[in-house]
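For reference, the structure is listed below as structure tokens.
Here is how names work: the chains are called A, B, and so on, in the same order as the sequence lines, proteins then strands, and each is numbered from 1. Fair warning: this is a prediction, and the values are worked out from it, not measured in the lab.
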2 protein chains.
Amino acid sequence: MAPRRPESLSRDQIVATAVEVLDADGETGLTFRVLSGRLATGPGAIYWHVANKDELLDAATDAVVLTALAEEPASGSPHDRLRAVALGLFDAVDEHPWVAARLSHGAWQAGGPRIVEAVGRQVRALGVPQHDWFVTTTVLVQYILGAAAQNAANARAAGPDGDREEMLDAMATRWEELDPEEWSFARTLGDQMRHHDDREQFLAGIDIALAGIEALHPPT
Amino acid sequence: MAPRRPESLSRDQIVATAVEVLDADGETGLTFRVLSGRLATGPGAIYWHVANKDELLDAATDAVVLTALAEEPASGSPHDRLRAVALGLFDAVDEHPWVAARLSHGAWQAGGPRIVEAVGRQVRALGVPQHDWFVTTTVLVQYILGAAAQNAANARAAGPDGDREEMLDAMATRWEELDPEEWSFARTLGDQMRHHDDREQFLAGIDIALAGIEALHPPT
DNA sequence: AAACTGATGGAACAACGTTCCAGAGGAGAA
DNA sequence: TTCTCCTCTGGAACGTTGTTCCATCAGTTT
């Protein structure tokens with residue numbers, strides 16, 4: 001069915017604009033009034049295409065996940081392919097920090113199934129026996145989403161400026177000054193916290209999981 | 001400094017009541033008006049003790065984490081102690097689902113440091129070399145919080161009634177009916193999704209991580 | 001007894017998600 | 001062509017939220 005008016009709204013248009021606003025101002029920055037303004041319409045018109053804000057956020061999340069998983073990595077070892085999928089998701093969340101909260105609030109909705117499919121295919125390729133597909137995939141997805149969420153939160157805490165180093169250093173020194181008894185472990189983390197790289201850190205987690213999977217399911 | 005009035009408000013009282021309300025009605029159910037009603041006062045009085053809702057939620061989160069990590073497990077192998085700490089957190093989030101969102105929004109704030117300390121001590125006991133303490137601990141914390149968040153989200157999706165089985169079954173059949181090409185992996189997950197146990201699933205992830213850590217750092 | 005100050009609680013404000021509805025305007029029937 | 005639908009629009013309005021403001025209270029200090 002062709003649109004009645006050429007310049008009319010479409011659900012895709014609304015979702016795309018929502019993603020723009022979310023990227024710029026986060027979840028609290030996305031209001032139906034702002035969205036109405038950008039689309040040169042009123043709030044009521046948007047509600048004809050979208051049930052409520054929750055559905056809009058889910059649709060926006062799904063859109064981001066869809067493009068992040070657009071092409072499945074075809075070359076490389078199963079290890080490398082899993083790393084590629086995981087890193088693609090990690091980077092997507094880094095670019096759109098608001099998706100983290102949405103995916104944490106329920107990975108079996110919004111873009112969740114797509115993520116399970118993409119990760120699961122690599123688990124299958126890894127040679128994990130079928131009766132462990134569910135466990136293994138779920139664990140990987142939970143780690144990926146958990147790590148991505150933490151990273152997004154840190155990025156938001158540091159602000160849009162380049163003060164990541166600054167904030168990291170401040171937190172490191174704060175931790176180093178904690179009570180030596182009660183915080184005997186955290187105290188020792190300062191230096192490594194200062195000099196770590198987020199993506200490497202994330203991949204290290206994937207490698208731990210891969211090593212664990214292989215240890216529990218030795219390749220025949 | 002003694003309280004001016006005996007029946008006066010205290011920050012701890014406010015936080016404790018907030019936890020009750022959060023457990024009963026979730027994050028959206030906690031409003032300053034409801035809280036005022038329960039405490040027989042006005043919204044303004046609460047604001048004298050707490051800066052804003054964000055700080056209140058952080059304080060509530062910290063309180064829950066604090067009691068969840070109250071006593072460090074003293075007996076058992078390092079593996080078992082790590083499992084105990086992780087499971088303690090998992091169960092705490094299961095009882096107070098709203099903490100998941102809060103901890104995902106930034107584990108270096110609210111109760112985050114406590115979690116890092118508790119998990120990190122077990123990592124140290126595991127014999128991981130010091131230069132990998134930060135990476136290993138962070139990875140474990142990210143998995144624990146990610147898995148707990150997913151579990152909390154699922155529980156909320158199922159509702160307070162006992163319809164977990166029901167919802168799981170419905171989702172499983174929905175997945176089994178997906179397009180065999182586009183969803184070649186997800187399709188096969190139905191049965192395992194139906195019959196899995198959340199806590200076992202969570203512990204399986206911890207065991208994968210433990211196996212991976214040991215594979216990468218063979219005990220001398 | 002008077003003045004001070006930590007603490008209270010209710011009224012008021014701006015902003016939000018959402019609902020409602022009068023009407024525009026293209027598509028099919030007459 | 002004219003009439004009548006019916007999808008789709010957009011602005012006004014409602015209830016609720018987080019937060020601010022301020023007149024007032026009740027111990028403590030002078």
Review point. Atom CH2 of Trp48(B) and atom P of dA23(D): how far apart are they, to the nearest Å?
Key: 19 Å
Check your understanding: So what does Leu56(B) hit on the nucleic acid, given a heavy-atom distance under 4.0 Å: a base, only sugar-phosphate, or nothing?
Key -> nothing
**Study point:** Closest to side chain of Tyr47(B), choosing from dT20(D), dT9(D), dT18(C)
**Key:** dT20(D)
Check your understanding: Nearest to the side chain of Ala45(A), which nucleotide is it out of dG9(C), dG10(D), dG18(D)?
Key -> dG10(D)
Point to revise | Presence of His49(A) side-chain N/O under 4.0 Å of dT9(D) phosphate oxygens OP1/OP2 | key: yes
Check your understanding: Roughly how many Å is it from CZ in Arg38(B) to P in dG9(C), rounded to a whole number?
Key -> 17 Å
Point to revise | Length of the CZ-C1' vector between Phe32(B) and dA12(C), whole Å | key: 17 Å
Point to revise | Listed nucleotide nearest any side-chain atom of Thr41(A), set dG10(D), dT9(D), dG18(D) | key: dG10(D)
Review point. dT17(D), dT8(C), dA13(D): which one has an atom nearest the side-chain heavy atoms of Arg33(A)?
Key: dA13(D)
Practice item. Can you tell me the distance, in whole Å, between the CG atom of Leu9(B) and the C1' atom of dA26(D)? Key: 15 Å
Check your understanding: Could you state the CD1-C1' distance from Ile14(A) to dT9(D), rounded to the nearest angstrom?
Key -> 11 Å
Point to revise | Residues Asp58(B), Lys53(B): salt bridge by 4.0 Å N-O rule | key: no
Exercise for review: Salt-bridge test for Arg156(B) and Glu27(B): reply yes if a basic N is under 4.0 Å from a carboxylate O, no otherwise.
Suggested key: no
Exercise for review: Describe the nucleic acid contact of Leu39(B) in one word from base, sugar-phosphate, nothing, applying a heavy-atom distance below 4.0 Å.
Suggested key: nothing
Check your understanding: Do Tyr143(A) and Tyr143(B) have their ring centres less than 6.0 Å from each other?
Key -> no
Study note, to complete from the structure: Whole-Å distance, Ile46(A) CD1 to dT18(C) C1', equals 12 Å
**Study point:** 5'-most by nearest nucleotide on DNA chain C - Pro43(B) or Ala51(A)
**Key:** Pro43(B)
Review point. Over how many whole Å does the gap from Arg11(B) atom CZ to dT8(C) atom P extend?
Key: 14 Å
Revision key, fill the gap. Separation of dG10(C) atom P from Leu35(B) atom CG, nearest Å, is 14 Å
Review point. Is it true that Glu117(A) and Arg124(A) have a side-chain N and a carboxylate O under 4.0 angstrom from each other?
Key: no
Point to revise | SB check Glu20(B) Arg38(B) (cutoff 4.0 Å) | key: yes
Exercise for review: Please tell me which of Glu27(A) and Gly44(B) maps to the more 5' nucleotide of DNA chain C, matching each residue to the nucleotide holding its nearest heavy atom.
Suggested key: Gly44(B)
